[in-house]
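Every chain is numbered from 1, with letters handed out A, B, ... down the list of sequences. In what follows, every heavy atom counts, from backbone to side chain, and hydrogens, waters and symmetry copies are set aside. Note that the structure is predicted; figures quoted are calculated from it, not measured.
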Amino acid sequence: MYDKLNSMQREAVFCTEGPLLILAGAGSGKTRVLTHRAVYLIEEKGVNPYNIMAITFTNKAAGEMRERIDRLVGYGSKDIWVSTFHSTCVRILRRYIERLDYDNNFTIYDADDQKTVMKEVCKRLQIDTKLYKEKSFLGVISSAKDELISPEEFTRQAAGDFAKERQAAVYREYQAALRKNNALDFDDLIVKTVELFQNDAQVLDSYQERFRYIMVDEYQDTNTAQFQLIKLLAGKYQNLCVVGDDDQSIYKFRGANIKNILNFEEVYPDARVIKLEQNYRSTKNILNAANMVIANNVGRKSKELWTDNDEGDKIDFQQFDSGSEEAVFIVKDIRNKVREGTCQYGDCAILYRTNAQSRLFEERFVVSGIPYRIVGGVNFYARKEIKDLLAYLKTIDNGRDDLAVRRIINVPKRGIGATTLGRVQEYASEMDMSFYNALKMAEDIPTIKKAGVKIKPFVNFIQTMRSKVEFLSVSQILQEVIEQTGYVAELEAEDTEESRARIENIDELISKAAAYDESNEMPTLSGFLEEVALVADIDNLQEGSDYVVLMTLHSAKGLEFPNVYLAGMEDGMFPSYMTIMSDDPMDIEEERRLCYVGITRAMKNLTITCARQRMVRGETQYNKVSRFVKEIPGNLLGGAVRQQKQEEAGSDEPKKPFRLAGSKVNPIFNTRNVYQNKPYQNTSFASSSTSRISLEYTKGDRVKHNKFGEGTVTQIVEGGRDYEVTVEFDRVGTKKMFASFAKLKKV
DNA sequence: GTTAGAAACAATCCT
DNA sequence: TGTTTCTAAC
């Protein structure tokens, strides 16, 4: 079995004791190494499968790994703990979180729930959410949690800084609200587990004993909390094998700390390092292109991927006039390839930077009747009808989750409105009880008169359901809820396209519940809710089905396709504005790594496309070819460059309302153009609706910003196409901004 | 208390 | 452009 591995892979498999870092380039067979390693541990080293743990980031990756181990090993593989970070933590917390003063049947809040909680928190603290967005507080809190900074610690660090002190207050209040609802958010799952391990030596020891051999996939994506978690678990036996690729680190925004992989050898001085540099996935052309792009990054671990595969076709590069032409081309191209018999729909993937780009493709696929599937966007479990029904299940399962109760108290309409709810809430807070318990006593609440009559049937219903939980399966409970509330009946009466789609979703939820009942030995409501809370869209991607998949570059990590389309390769789209504008040069590097990830998804054919003109949020943008495309040497690119067409378009295009400031070309955009003999002229990427940039204010003037209020201009720097204005605001301090975005008014 | 239509607003990527 | 929030009228 091990003969099929190359020497480096074999070395990694055989190195079982002590810390090991495997630097595995894209397509170098790292899952193969991990699975073989598990098998080797069991069969050759006599390790009990029960003592092995493999951790991944998505359920899909976990499922794949489990499947592959199953295939390799005769028996016992079931006992290996193969799971995601988040499910692992939930499993541990379900058992022990009461030691941190939570109920073991806690609920897990998604982004929507978090926002609802945050809204209330802001209201309570009298924070104007026009000035300070809920989302920004949630972002601050999430980053703090990623770094294992507690509300108390945050408060300490905030001392003296007014804005930070406010964030600290919000953080404290938010955390208190979660605890009161017996709920954890996604970040808490990790944080609380670390907390548990740090506070309870006994629990930690029992897991250290259990997980004597630990393997972590995609290690470059771990954040500080996850790093700490692993460090604690591996603390006793130190048999820790991490696999990752610093060139594929693309999750800084959710706290991933690239230092975890770069400094692995410092944290674990005895660590062995093995590099896997042979790529088995892509053609030479594709791999070379990827290498050339990523070579522009500094500060990476040195490694060069190579392959024995054929040279393959050139990379097809096409530029179009608009986003819709781009979509037409790609869909046609797929159809042609399938007709020719070169590939199947299931071999094709369209990758883009933002979810919004999927719409144009979807339109074309619908028209052409080609089967497709979009990964991402609105999560199935985030849809209104699904969340409503799940809120019923949550209420039945855990009466302490105020959010769930409030969501459904008036769904379907029971004639219970904001006023009544406010009064119930008031009473609940006064008596320090949960919202649901206050509802139970509605008739005794003095401020509530007639409304009590409307509340009673709801409470009765929930109580009845609770008494039935023991002898009904999850799907039966769900169906009874649907029946009794008349939820589907109402939708049927509506009889619109939308309502029919909702019913379809509900049917799917029922079958998911039924599937859960069947696949579990001890199905419980909490168990189902937990499973549901942790699925990502990508987890549902079925291998072997014949449809084109559309997804973001982020979702595509870890996947491979014979035929890949990288769409929307334009400066401003990819790399995104945010990173182009950022003053941190590392941001563009992360974007470049994302491009590297995209290119290396392709096995045989890679097509790169872009559009000159694109509608973004109702405004037309004029974008240039992505700088990343220009980093690919011309000899690797093929395809009609459509030079003539571009020139025609140049004269057809309406004159841009403004020209580059001082006719200077921004050095960023003056990259050498490798595949064209003529540089772009006259293109700018700001929207056409912005009129020629001339500022109505100068240094020293008083200006007004519609969010930050009034301030004084302290500096104006001329950029290529815009002005970077520095303003000292009276209320929020000094900010740097681009004039065309800031919309500053002189006062 | 409910609803429809208007206005405001949004600025990536995700477990 | 698409979605969420606000407002006014029923």
Original post:
Which parts of nucleotides 1-10 of chain C does protein reach within less than 4.0 Å, heavy atoms only, written one letter per nucleotide 5' to 3' as B for base, S for sugar-phosphate only and - for none?
Top reply: BSS-S-----

Do any side-chain atoms of residues 121-128 of chain A form donor-acceptor pairs under 3.5 angstrom with protein atoms, and if so which ones, sequence neighbours left out?
from   : atom 1 : to     : atom 2 : distance (Å)
A:R124 : NH1    : A:E173 : OE2    : 2.9
A:D128 : OD1    : A:K130 : N      : 2.8

**OP:** Would you indicate which nucleotide in B:dT12, B:dT15, B:dC14 comes nearest to any side-chain atom of A:F186?
**Re:** B:dT15

Original post:
Can you name the residues that form a side-chain contact (heavy atoms from CB on, under 4.5 Å) with A:R91, not counting sequence neighbours?
Top reply: A:W81

**OP:** Determine the interplanar angle of the A:F574 and A:F628 rings, folded into 0 to 90°, and report it as parallel if under 30°, tilted if 30 to 60°, perpendicular if over 60°.
**Re:** perpendicular

Subject >> Set of side-chain hydrogen bond (donor to acceptor under 3.5 Å, both in side chains) partners for A:S150, sequence neighbours left out >> reply: A:E152

Original post:
For A:L189 and B:dT15, what is the distance between atoms CG and P respectively, to the nearest whole Å?
Top reply: 14 Å

Original post:
Who pairs with A:D110 by side-chain contact (heavy atoms from CB on, under 4.5 Å), at least two apart in sequence or on another chain?
Top reply: A:D112, A:D113, A:K387

Original post:
Between A:K133 and B:dC9, is there a side-chain N or O to OP1/OP2 distance below 4.0 Å?
Top reply: no

Original post:
Once you round it to whole Å, what is the distance between P of B:dT12 and CE of A:M581?
Top reply: 14 Å

**OP:** Taking salt bridge (Lys or Arg N to Asp or Glu O under 4.0 Å) as the test, write out the residues that go with A:R254, two or more places apart.
**Re:** none

Subject >> Of the listed nucleotides B:dT12, B:dC14, B:dT15, the one nearest the side chain of A:N355 >> reply: B:dC14

Original post:
Starting at CG of A:N223 and ending at P of B:dC13, how long is that distance when rounded to a whole Å?
Top reply: 20 Å

Listing time: all N or O pairs from protein to nucleotides 1-4 of chain B that are below 3.5 Å?
from  : atom 1 : to     : atom 2 : distance (Å)
B:dG1 : OP1    : A:G417 : N      : 3.4
B:dG1 : OP1    : A:T420 : OG1    : 3.2
B:dG1 : OP2    : A:T419 : OG1    : 2.7
B:dT2 : OP2    : A:N410 : ND2    : 3.2
B:dT3 : OP2    : A:K413 : NZ     : 3.3

Original post:
Rounding to the closest angstrom, what is the interatomic distance between C:dT4 and B:dC13 at atom P?
Top reply: 14 Å

Subject >> Short side-chain N/O contact from A:T579 to OP1 or OP2 of B:dT12, under 4.0 Å >> reply: no

**OP:** Could you pull out all residues at least two apart from A:V191 that satisfy side-chain contact (heavy atoms from CB on, under 4.5 Å)?
**Re:** A:K145, A:L148, A:E195

Original post:
Taking atom C1' of B:dT15 as reference, at what distance in whole Å does atom CD of A:E530 sit?
Top reply: 14 Å

Subject >> Side chain of A:H86 (C-beta onward), nearest among B:dT12, B:dT15, B:dC14 >> reply: B:dT15

**OP:** Would you please classify the geometry between the A:F253 ring and the A:H554 ring as parallel, tilted or perpendicular, with 30° and 60° separating the classes?
**Re:** perpendicular

Subject >> Gap between atoms OH and P, on A:Y352 and B:dC13 respectively (whole Å) >> reply: 10 Å

Original post:
Mind checking what makes side-chain hydrogen bond (donor to acceptor under 3.5 Å, both in side chains) contact with A:R593, not counting sequence neighbours?
Top reply: A:E590

Subject >> Considering all heavy atoms, the nearest A:R601-A:G558 contact >> reply: NH1-N, 3.2 Å

Original post:
Across the strands shown, which category fits A:D187 at heavy-atom distances under 4.0 angstrom: base, sugar-phosphate, nothing?
Top reply: nothing

**OP:** Can you tell me, in whole Å, how much space there is between the P of C:dC6 and that of B:dA11?
**Re:** 16 Å

Original post:
Ring centroid separation for A:F361 and A:Y372, is it under 6.0 angstrom?
Top reply: no

**OP:** Using the C1' atoms only, state how far B:dT12 lies from C:dT5, rounded to an integer number of Å.
**Re:** 23 Å

Original post:
For A:T552, which contact category applies under a 4.0 Å heavy-atom criterion: base, sugar-phosphate, or nothing?
Top reply: sugar-phosphate

Original post:
DNA chain B: A:S576 or A:A536, which has the more 5' nearest nucleotide?
Top reply: A:S576

Subject >> For A:E218, all residues meeting salt bridge (Lys or Arg N to Asp or Glu O under 4.0 Å), sequence neighbours excluded >> reply: A:K30, A:K557

**OP:** Would you jot down, in residue-number order, the residues of residues 248-260 of chain A having a non-hydrogen atom under 4.0 Å from DNA chain B?
**Re:** A:Y251, A:F253, A:R254

Original post:
Tell me: CZ of A:R353 to C1' of B:dC14, nearest whole Å?
Top reply: 12 Å

Original post:
Does A:E363 have any salt bridge (Lys or Arg N to Asp or Glu O under 4.0 Å) partners at least two apart in sequence or in another chain, and if so, which?
Top reply: none

Original post:
Just how far, in rounded Å, is P of B:dT12 from CD of A:Q621?
Top reply: 13 Å

**OP:** Give the rounded distance in Å between these two atoms: CG of A:L138 and P of B:dC14.
**Re:** 18 Å

